[in-house]
Amino acid sequence: KIVFAGSSSFTKWKDVGQYFPGYPIVNRAFGGSTLEDVIQYAKETILQYEPKQVVIYCGENDLANNDQVTPDVVFARFTTLFHIIRNKLGTSTRITFISLKPSVARWHLQPKYMTTNQLISAFLSKQKNAEFIDVQAAMLLPDGSVMKDIFIADNLHMNAKGYAIWQKIMAD
């Protein structure tokens with residue numbers, strides 16, 4: 001099994017299995033979640049499945065919900081989750097982190113997202129059977145602004161065009 005864990009960007013990807021035919025995906029993300037939430041419910045949402053891969057999209061809400069949360073705090077929370085998964089499932093389970101995405105609604109947080117992504121990417125580059133998938137650049141226009149036509153009306157969650165961008169990068 002491949003477990004998708006994290007927040008609403010995965011929760012709302014209801015047809016994720018159609019983007020990756022032939023892969024046994026279990027989508028256990030839940031809307032509004034922070035890394036603290038995923039840590040708290042790791043047993044129920046990740047560990048019980050004993051997956052061969054865990055794909056994580058989380059951290060965006062950590063920064064959006066509390067001005068006191070910094071990229072360093074999000075990084076520390078991520079490493080806690082990483083070690084929980086490793087301690088229970090070992091290095092044979094691949095851990096993949098999808099970078100925090102840019103969005104119209106949270107563009108003001110983009111500098112924090114970029115720093116968080118850099119911290120997590122550097123950490124994962126030193127780990128066995130782990131990877132960081134950067135979706136940032138593919139979601140930006142040539143002038144560096146975020147694409148507007150890849151989001152639903154809330155300008156935060158993606159539409160099918162946005163998920164197609166993720167699928168292409170994740171499949172490579």
Side-chain angles (χ1 to χ4, degrees), residues 3-13 27-42 45-47 53-89 91 93-148 150-152 154-158 162-163 165-166 168-170 172:
V3 170
F4 276 48
S7 59
S8 57
S9 289
F10 274 175
T11 307
K12 291 182 177 291
W13 201 353
N27 191 340
R28 295 293 286 141
F30 51 103
S33 67
T34 63
L35 282 161
E36 287 182 314
D37 298 324
V38 178
I39 289 165
Q40 181 177 350
Y41 295 104
T45 60
I46 300 169
L47 304 176
Q53 182 176 11
V54 179
V55 182
I56 301 165
Y57 183 83
C58 202
E60 203 180 314
N61 292 327
D62 300 61
L63 292 164
N65 295 348
N66 185 338
D67 289 342
Q68 304 305 308
V69 173
T70 65
D72 287 326
V73 170
V74 176
F75 173 66
R77 292 174 180 177
F78 171 74
T79 58
T80 297
L81 177 60
F82 180 91
H83 291 301
I84 288 168
I85 296 167
R86 277 289 183 255
N87 290 339
K88 176 68 175 169
L89 302 176
T91 56
T93 297
R94 183 163 193 76
I95 299 175
T96 301
F97 184 86
I98 307 300
S99 70
L100 301 185
K101 68 173 172 38
S103 69
V104 177
R106 292 184 175 167
W107 187 247
H108 64 287
L109 293 171
Q110 182 68 1
K112 288 183 178 182
Y113 289 176
M114 295 298 290
T115 301
T116 303
N117 286 337
Q118 290 166 354
L119 292 167
I120 294 172
S121 177
F123 171 78
L124 289 176
S125 71
K126 298 174 187 148
Q127 306 303 315
K128 289 183 178 179
N129 205 16
E131 69 181 325
F132 177 88
I133 296 180
D134 187 0
V135 297
Q136 275 276 336
M139 297 177 74
L140 299 176
L141 295 168
D143 69 0
S145 64
V146 67
M147 294 178 181
K148 293 179 175 61
I150 60 173
F151 296 96
I152 62 174
D154 67 6
N155 284 317
L156 176 62
H157 298 100
M158 295 181 298
Y163 286 120
I165 291 169
W166 278 25
K168 183 177 187 303
I169 296 167
M170 292 169 73
D172 284 346

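Any value given below was found using the heavy atoms of this structure, including those in side chains, with hydrogens, waters and symmetry copies removed.
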Any salt bridge (Lys or Arg N to Asp or Glu O under 4.0 Å) pairs touching [range], not counting sequence neighbours?
| range | value |
| --- | --- |
| residues 65-88 | E36-R77, D62-R77 |
| residues 132-142 | none |
| residues 98-120 | E60-K101, E60-R106 |
| residues 122-132 | R94-E131 |

Distance, nearest 0.5 Å, that separates [atom1] of [X] from [atom2] of [Y]:
| X | Y | atom1 | atom2 | value |
| --- | --- | --- | --- | --- |
| I56 | I133 | CD1 | CD1 | 11.5 Å |
| F82 | L35 | CZ | CG | 13.5 Å |
| I85 | T93 | CD1 | OG1 | 8.5 Å |
| Q127 | F132 | CD | CZ | 14.0 Å |

Can you name the side chain to side chain contact (heavy atoms under 4.5 Å, CB included) partners of [X], sequence neighbours left out?
| X | value |
| --- | --- |
| N87 | H83 |
| S145 | L141, D143 |
| Y41 | F30, E44, T45 |
| A76 | none |

Would you say N117 and F97 make side-chain contact, with heavy atoms under 4.5 Å?
-> yes
Quick one: does L109's side chain get under 4.5 Å of L100's, heavy atoms only?
-> no
Would you please name every residue forming a ring-ring contact (aromatic ring centres under 6.0 Å, His included) with Y113, sequence neighbours left out?
-> none
Test ring-ring contact (aromatic ring centres under 6.0 Å, His included) applied to F151 - qualifying residues, sequence neighbours left out = none
Looking only at non-hydrogen atoms, find the nearest pair between [X] and [Y] and report the distance.
| X | Y | answer |
| --- | --- | --- |
| W107 | P102 | CZ3-CB, 3.7 Å |
| N27 | F10 | ND2-O, 2.8 Å |
| V38 | G6 | CG2-CA, 4.0 Å |
| N61 | S33 | ND2-O, 3.0 Å |
| L140 | V146 | CD2-CA, 3.8 Å |

Partner set under side-chain hydrogen bond (donor to acceptor under 3.5 Å, both in side chains) for T11, not counting sequence neighbours = none
Dump the intermediate steps for ring-ring contact (aromatic ring centres under 6.0 Å, His included) on Y57 and W13, then the final yes or no.
-> CA-CA 12 Å; Y57 183 83; W13 201 353; 9.9 Å; no
Between [X] (side chain) and [Y] (backbone), is there a donor-acceptor pair under 3.5 Å?
| X | Y | result |
| --- | --- | --- |
| S99 | V135 | yes |
| D172 | I169 | no |
| N155 | K148 | no |
| Y163 | I150 | no |

